[in-house]
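Reading through the structure tokens given below for one structure.
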Amino acid sequence: MERRDVLKLTAVAGAAGALTLDGVTFAHAAGPPGTGGNGTTETRKVTGSLPAGAPDFVHLPVEVPRGVREIAVSYTYDRPAVPPGVPGNACDIGVFDERGTGPDGFRGWSGGARTEFSVSAERATPGYLAGPVRPGTWHVVLGPYTVAPQGMRYEVTVTLRYGRPGTTPVPVHPPERARGRGRSWYRGDGHLHSVHSDGSRTPAEIAAAARAAGLDWIVSTEHNTTSAHGAWQGLWGDDLLILTGEEVTTRNGHVLALGTDPGTFVDWRHRARDGVFGRHARAIRRAGGLVVPAHPHAGCVGCSWKFGYAHADAVEVWNGPYTPDDEMAVATWDAMLVAAVREGGRWLPAMGNSDAHREPQQVGLPQTVVLADDLSRAAVLDGIRAGRSWIAESSAIGLTLTAAGSDGSHAGLGERLRTGRDREVTVRLKVTGTPPGCTASFVTDQGTLVSVPLPADGRVEWRTTPARSAYVRAEIRHPAAPGAPLPGRMAALTNPVFLSPPQED
């Protein structure tokens, strides 16, 4: 059966509203199939079109009768030619069950990575959650990410398969602690994608790549789904801590819900102008996670961060191989550091993650190296939140940055040196494992005050005072290309050491 959709506006928040289509019903809606109904299938198709400027989400209600074993959905949409520089059609998809379109009803999201999916009690397509297909109104959700000037024509096919439901496996989630080395520096990658969203690696392949990269911890951060949280059984170990999370992918930027409780749903269906981001950020923290805006200056549609940083716990300033986008993110972050010391406000630590999806993207390029009391979820997140961390392009690089006052005071990354404003402070940097030709720089609230070729022994010292430098951080860069407008790409980057008490900033 094919039919035109009937659109009803159900919620409006600017373009972030939702349209609800006329519902889909099936012949067995009055009751389960009779004798011999096992294996029976029914299929319905819905076709329609959306204009340019359509709401962000389109809900297709599906009336699911009793006796359904599996629901399967596929969809297509047209891709007309568009003028240069104008986005064409791109449409995401997901599904919510009979409990409604809120968090309780979430059953999966694949964005634009798949054209079909299925859900049953026994199993589900990666990106979706296995569980009973109970009777009631389900909602297939389309997300027209971008719509061409000509509009978007779509077709959605829904198939119900009847029969006895199977048993839903109980998900096994990673433990919150690995053996580790006690209080130590632990290397990790907090932004990774598998086949459970738009990546092509399996969880097993990611775990193997993490170990090969010398990592101690990783975070599973699929786009807008929690389906991977139970996909790591047998892949963790004494040497690898696996945390769960989500890359909350909105139309106004992406944010990592880092290290949340397994199964935590974080809604992505909002824009900055809706004024609800703070509520979602608080939900991430209640679930034990950190709020980390990802690749804030990325140029892809919907990737640039527009929610501000008032609700963030850290910021991802380096995403994958170092690019001009990352250079902009570092500059923005450094300006926020300056504002924090000027105004006596809260400062945001920096993170670096690979955002690796598939070969040849490298897991652990870059990686965040965090000082944690042990290799556990709580300790690693505490270290990131406190800024006791630095970023490296690989595990080959080692680094320490400390500050010592003439009165015997000491401080490390993320810490504050308690000494007088005019007392001399010695800043010491030691770097190992960098390729030849790298430059070491000390950056303060006054800008880059020292930039020297990295000596053979990797040691650089500099003397300053808190009156001159409210904080000091280090950058290790590769040589710049001749005539390049930007400095060389980053090899390592630290969070700051603060050189004066808050009341003296």
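No hydrogens, no waters, no symmetry mates; every other heavy atom, side chains included, goes into these values. Model, not experiment: these values are computed from the prediction.
Remark: D261 engages R377 in a salt bridge, criterion side-chain N to carboxylate O under 4.0 Å. Between R385 and D382, at least one side-chain nitrogen of the basic residue sits less than 4.0 Å from a carboxylate oxygen of the acidic one, meeting the salt-bridge criterion. Salt-bridge check for D239 with R211: passed, with a basic side-chain N closer than 4.0 Å to an acidic carboxylate O. Between E359 and R201, at least one side-chain N (NZ, or NE/NH1/NH2) sits under 4.0 Å from a carboxylate O, which counts as a salt bridge.
By the 6.0 Å and 45° rule, R251 stacks over the aromatic ring of F57.
The backbone N or O of G127 sits less than 3.5 Å from a side-chain atom of S227, completing a donor-acceptor pair. Side chain of H297 to backbone of S304: no donor-acceptor contact under 3.5 angstrom is found. T444 places no side-chain N or O within donor-acceptor distance of the main-chain N or O of V472, the cut-off being under 3.5 Å. Side chain of D445 to backbone of S469: no donor-acceptor contact under 3.5 angstrom is found. Formation of a donor-acceptor pair under 3.5 Å by the T244 side chain with backbone atoms of S220 is not found in this model. The closest donor-acceptor contact from the side chain of W318 to the backbone of A492 lies at 3.5 Å or more, if one exists at all. A distance-only check finds no donor-acceptor pair linking the side chain of D189 to the backbone of Q367 [under 3.5 Å]. A donor-acceptor contact shorter than 3.5 Å is absent between the side chain of Y128 and the backbone of V95.
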| task | For the pair I391 and V369, evaluate side chain to side chain contact (heavy atoms under 4.5 Å, CB included) and give the outcome as yes or no after the intermediate values. | result | CA-CA 6 Å; I391 309 167; V369 190; over 6 Å; no

| Please walk me through it: do D326 and R489 pass salt bridge (Lys or Arg N to Asp or Glu O under 4.0 Å)? | CA-CA 9 Å; D326 302 307; R489 61 185 173 87; over 6 Å; no

| said: Test side chain to side chain contact (heavy atoms under 4.5 Å, CB included) on W268 and V255; report intermediate values, then the result. | reply: CA-CA 9 Å; W268 64 94; V255 62; over 6 Å; no

| task | Show the numbers, then the answer: is there a side chain to side chain donor-acceptor pair (under 3.5 Å) between N495 and S389? | result | CA-CA 6 Å; N495 274 299; S389 59; 2.9 Å; yes

| request: Could you go through the side chain to side chain contact (heavy atoms under 4.5 Å, CB included) check for V497 and V427 one step at a time? | output: CA-CA 9 Å; V497 181; V427 181; over 6 Å; no

| After noting the C-alpha distance and the side-chain angles of T226 and T264, does the key distance pass the side chain to side chain contact (heavy atoms under 4.5 Å, CB included) rule? | CA-CA 7 Å; T226 59; T264 298; 5.6 Å; no

| field | From CA spacing to verdict: salt bridge (Lys or Arg N to Asp or Glu O under 4.0 Å), R473, E475 | value | CA-CA 7 Å; R473 61 180 184 82; E475 293 182 357; 2.8 Å; yes

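Residues R346 and Y309 have side chains not in contact (no heavy-atom distance under 4.5 Å, counting atoms from C-beta outward). Inter-residue side-chain proximity for M351 and H191 is flagged as unmet; no heavy-atom pair is nearer than 4.5 Å. Within the 4.5 Å cutoff, the side chain of H193 has heavy atoms near those of the D198 side chain. A heavy-atom distance below 4.5 Å is not found between the side chains of N319 and D325. L258 is listed as a side-chain neighbour of I384, based on a closest heavy-atom distance under 4.5 Å. Looking at heavy atoms from C-beta onward, D267 lies out of side-chain contact with V276 at the 4.5 angstrom threshold. No side-chain heavy atom of L417 sits under 4.5 Å from any side-chain heavy atom of P466. Between R107 and R99, some side-chain heavy-atom pair lies under the 4.5 Å cut-off.
Heavy-atom contacts from other residues, nucleotides or ligands closer than 6.0 Å to CD of Q362 number 12 or fewer. Within 6.0 Å of atom CZ in R459, 12 or fewer heavy atoms from other residues, nucleotides or ligands are found, so the atom counts as exposed in its surroundings.
Here the closest non-hydrogen pair linking P435 and C438 is O-SG, 3.5 Å. Residues I397 and W390 come closest through the heavy atom pair O-CH2, 3.3 Å. In terms of heavy-atom proximity, A440 sits nearest to L454 at CB-CD1, 3.7 Å. The nearest pair of heavy atoms linking V82 to G88 is CG1-CA, 3.9 Å. Minimum heavy-atom separation, L493 to V330: CD2-CG2, 4.1 Å. Heavy-atom minimum distance, A213 versus S395: O-OG, 3.0 Å.
Atom CG of L413 is separated from atom OG1 of T494 by 5.0 Å, given to the nearest 0.5 angstrom. Annotation: the span from E205 atom CD to L235 atom CG amounts to 10.5 Å, rounded to 0.5 Å. Distance check, rounded to the nearest 0.5 Å: OG of S376 to OH of Y186 gives 8.5 Å. Distance check, rounded to the nearest 0.5 Å: CE of M490 to OG of S441 gives 9.0 Å. Rounded to the nearest 0.5 angstrom, L243 CG and H173 NE2 are separated by 13.0 Å. Rounding to the nearest 0.5 Å gives a distance of 11.5 Å between NE2 of H311 and CZ of R279.
Looking only at atom types and distance, the side chain of T250 has no donor-acceptor partner in the side chain of N252 under 3.5 Å away.
Ring-centre distance between W347 and Y471: not below the 6.0 Å cut-off. A distance below 6.0 Å separates the ring centres of W305 and F277.
Considering H223, E316, E247 as possible partners of H254, the one that fulfils the side chain to side chain donor-acceptor pair (under 3.5 Å) test is E247. Exactly one of R177, R183, R181 qualifies for a salt bridge (Lys or Arg N to Asp or Glu O under 4.0 Å) with D373. That residue is R183.
Ring geometry for W462 against F442 counts as parallel: the plane angle stays under 30°, on a 0 to 90° scale with 60° as the upper cut.
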